[in-house]
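Here the structure is a predicted model, which means the values were calculated and not measured. Index from 1, following the sequence. All values below come from the heavy atoms of this structure, side chains included, with hydrogens, waters and symmetry mates left out.
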Amino acid sequence: MNANERRIAVLAGNPNSGKTTLFNALTGLRQKVGNYAGVTVERKTGVFETNGAEWSLIDLPGAYSLTARSPEETIARKALRGEMEDLPKPNLAIIVVDASNLDRNLYLATQILNMGVPSVIALNMMDQAETAGAQIDADILAAQLGAPVVPMIATRGEGVEELKAAAENGASEPPMRPWRLDDESEAALSYVSLALGRVHKEASDAELDSEAVRLVAGGDSESTPPSDEAAEAVAEARNTLSQNGHTPETFEAQARHRWIRSVTAKAVGRSENALLSRSDRIDSVLTHRVFGPLILLAAALLAFQAIFSWASIPMDWIDAGVSALGGWVGGWMPEGALSGLIVDGVIAGVGSVVIFLPQILFLFFFIGLLEDTGYMARAAFMMDRFMRGMGLHGNAFIPLLSSFACAIPGIMATRTISEPKDRLATILVAPLMACSARLPVYVLIIAAFIPGGAWAQSLSLTGLYLLGVLAAMAMAFLFKKTLLRGEAAPLILELPPYRLPNWRTLFFRLWDRSGEFIKRAGGMILAATIVLWFMASYPKLPADVEAAYETRLAAAETEAAEQQIENERAEAAISNSFAARLGRWTEPALRPLGFDWRIGVGVIASFAAREVFVGAMGTLYGVGEADDDTKSLQERLEGAVWESGDKKGENIYTLPTAVALLLFYVFALQCVSTVAVMRRETNSWRWPAFAWVYMFILAYGFAWAGRVAVAAFI
């Protein structure tokens with residue numbers, strides 16, 4: 001290899017082995033985040049140097065084995081074998097092993113070693129192993145495994161330079177499979193290797209043997225032999241193994257674990273396991289049948305409070321900053337189409353993205369704390385039974401909870417769900433949870449049209465939130481029984497020991513997530529905002545109408561009068577716009593719900609973001625900047641009447657119409673940013689389109705039924 005050519009290294013290991021911490025320690029800020037080609041599994045790439053040589057480091061998804069039962073395991077195996085279309089075969093595998101859980105971690109490590117990839121073992125968390133009473137002889141372990149072993153504590157940076165030196169010096173030649181079966185079974189496996197060798201002529205003996213074991217064991221998503229000869233050899237080998245008392249599906253796991261136990265018996269001395277005892281004592285409280293769920297609820301409420309309330313402070317700062325920037329740019333630029341595009345389109349569009357950032361950061365801060373301390377696995381364990389009753393995975397609890405604040409971070413948080421169908425079901429129902437963007441609409445309509453005083457109004461608001469939860473549960477159950485049908489994936493968890501979080505790693509995680517959110521959702525939201533701005537701004541009022549308003553403004557004697565005229569001009573402009581024409585075009589379809597063209601425009605505008613509905617109503621009814629506390633808007637809604645048709649002159653906003661509008665906003669997927677993130681997370685337009693359609697059908701159906709039911713009782 002050319003001395004100046006960048007080498008490729010991959011970082012592999014079990015979840016909770018400290019892989020991310022080591023990746024950050026090696027690469028620092030010289031890293032970027034994306035997805036593997038064709039899938040939504042995250043790909044993190046960085047750069048590190050060893051004595052002037054430069055390495056590209058790819059952080060492979062965490063996996064417990066190379067049996068491809070999940071997208072993460074498939075990607076890990078393909079990357080190690082050089083089968084990824086955009087990733088060459090690596091020059092080195094850095095295998096991260098949790099020293100405090102050696103037996104479990106060595107299963108994946110020895111699979112990688114036997115594949116024929118030059119490797120270095122990063123024996124991480126040595127401090128926790130010592131606290132647990134384990135004394136590990138790294139030299140003996142290296143001799144047994146046939147690869148360099150570097151003891152380290154990645155959270156403190158200890159052993160990082162030694163690991164770089166081991167990478168620079170080159171790893172030992174990969175060992176052949178050390179565990180053996182009886183002679184007849186080994187001969188059958190050899191026949192499979194020979195058949196594979198006729199297809200993969202450049203593969204090493206270690207690679208062929210590893211592939212033979214994988215194909216004979218079967219059980220993964222890619223266990224089809226590459227030729228008829230190989231298929232016959234695999235079938236014969238499985239038959240031979242069965243005749244000799246081996247179960248084909250489990251022979252590798254049994255034999256490999258037996259050999260691993262013999263290795264650890266030689267390399268590890270043990271005393272009383274103090275760390276395990278400490279974790280057990282904590283679990284006796286945190287996973288208690290009574291106290292455990294209560295503590296989990298308290299932790300969830302704390303996270304929910306942070307996302308829902310604490311984030312409002314930086315969100316207000318961002319909102320004020322965006323408004324100030326828009327005002328400054330608007331004051332600096334001459335009035336006209338370009339000024340409107342920049343201020344109301346571009347700046348407002350960017351602001352509508354960035355304002356969600358505090359919620360994203362708070363969410364992933366709490367998720368990071370739960371993961372790093374080891375509590376996330378306990379939360380999923382405790383919620384598994386309840387979530388499985390809905391047809392969902394235990395890990396769906398956190399994403400659905402966070403969707404109460406905003407569905408965007410909730411959907412992004414579904415990455416903790418490994419089973420693809422469970423993850424997709426959670427993504428499809430997350431927007432049904434009542435996010436904070438619905439609140440301005442709820443408050444405006446409830447305050448204006450729901451009778452019975454504060455008690456009835458607060459009960460109505462609670463009912464809307466509860467309805468969203470029940471709808472999410474029902475749809476998740478339906479999806480898992482129909483479109484996403486499949487055997488319920490068992491929740492198999494490794495409960496890691498409790499640890500203090502690594503703040504540096506947490507910072508990197510927040511940095512990556514914030515940048516990823518802005519890149520993924522920003523472009524689409526910005527484009528949609530510009531389109532909505534154009535539709536609401538054009539065509540302009542005729543010149544004679546504009547001149548009449550200018551004459552009235554010149555004659556106005558007070559600021560209040562000027563504001564009234566400006567509001568009237570804004571109402572006339574929006575009534576003349578493409579958005580209004582679209583609203584009038586859709587009015588026949590919305591009339592069964594009791595909606596006129598103005599509500600239609602508000603509904604269309606709020607597809608950018610639900611809370612836009614309130615501002616759109618303020619503009620349409622000529623009350624200027626409106627929010628949920630604007631009494632004048634409530635008064636205008638109460639006095640609004642139908643302009644045409646058989647109901648001409650009658651009030652639009654009756655109690656049945658108000659109920660229909662509330663129910664519509666409970667179910668409708670009116671958030672471009674949510675659709676954009678769903679598109680990115682599912683890597684397809686099909687599922688976001690499906691979600692939009694099914695939620696619109698629910699919204700229309702429930703709104704119509706609610707209106708009819710209320711009208712029948714009043």
Side-chain angles (χ1 to χ4, degrees), residues 308-309 404-405 431-472 587 590-606 609-623 625-642 647 649-671 695-696 698-714:
F308 192 74
S309 298
F404 274 112
L432 287 169
M433 311 301 281
C435 68
S436 58
R438 289 179 170 98
L439 193 58
V441 182
Y442 288 170
V443 172
L444 172 67
I445 302 302
I446 289 174
F449 302 107
I450 300 300
W455 184 85
Q457 292 175 350
S458 63
L459 189 62
S460 299
L461 184 61
T462 303
L464 293 174
Y465 274 79
L466 181 60
L467 181 59
V469 173
L470 294 176
E587 183 176 296
L590 297 176
R591 270 187 174 252
L593 308 182
F595 299 174
D596 74 332
W597 73 266
R598 288 183 177 85
I599 298 178
V601 172
V603 167
I604 293 170
S606 62
R610 294 177 179 92
E611 60 268 41
V612 172
F613 177 83
V614 177
M617 290 296 100
T619 301
L620 290 168
Y621 284 101
V623 296
E625 293 295 327
D627 57 39
D628 52 309
D629 293 325
T630 304
K631 295 297 182 184
S632 58
L633 177 57
Q634 293 183 14
E635 292 168 359
R636 293 299 298 271
L637 294 181
E638 291 168 357
V641 296
W642 289 95
K647 295 182 180 180
E650 297 181 15
N651 286 336
I652 297 172
Y653 291 89
T654 60
L655 180 59
T657 299
V659 169
L661 189 56
L662 290 171
L663 289 174
F664 187 89
Y665 272 87
V666 167
F667 294 100
L669 178 51
Q670 292 172 289
C671 184
M695 290 182 68
F696 181 82
L698 287 178
Y700 196 98
F702 273 86
W704 178 83
R707 184 173 185 273
V708 170
V710 173
F713 285 97
I714 61 172

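Atom CG in Leu663 sits 10.0 Å away from atom CG in Leu593 (nearest 0.5 Å). We find the CD1-OG distance between Ile446 and Ser460 to be 5.5 Å, quoted to the nearest 0.5 Å. Taking CD1 of Ile652 as the start and CZ of Phe595 as the end, the distance is 11.5 Å to the nearest 0.5 Å. Here the CD1-OH distance, from Ile599 to Tyr653, works out to 3.5 Å after rounding to the nearest 0.5 Å. A distance of 10.0 Å separates CG in Leu661 from OH in Tyr442, rounded to the nearest 0.5 Å. Rounded to the nearest 0.5 Å, atoms CG (Leu467) and CG (Leu662) are 10.5 Å apart.
Counting heavy atoms from C-beta outward, Leu432 and Val469 have side chains that stay 4.5 Å or more apart. At least one side-chain heavy atom of Val603 sits less than 4.5 Å from a side-chain heavy atom of Tyr665.
In this pair, Phe667 and Phe702 present their aromatic rings parallel. The plane angle is below 30°, not in the 30 to 60° band. Between Phe664 and Phe696, the angle of the ring planes goes over 60°, which puts this pair in the perpendicular group of the 30/60° scheme.
Between Leu669 and Pro431, the shortest heavy-atom contact is CD1-CB, 3.7 Å. Nearest heavy-atom pair, Ala699 versus Ala668, reported as atom, atom and distance to 0.1 Å: CB-N, 3.6 Å. Minimum interatomic distance between Ala660 and Arg707 (heavy atoms only, all atoms of both residues): CB-CB, 3.9 Å. Gly600 and Leu590 get closest at one heavy-atom pair: CA-CD1, 3.5 Å. Closest approach of Tyr700 to Pro592, counting heavy atoms only: OH-CG, 3.6 Å.
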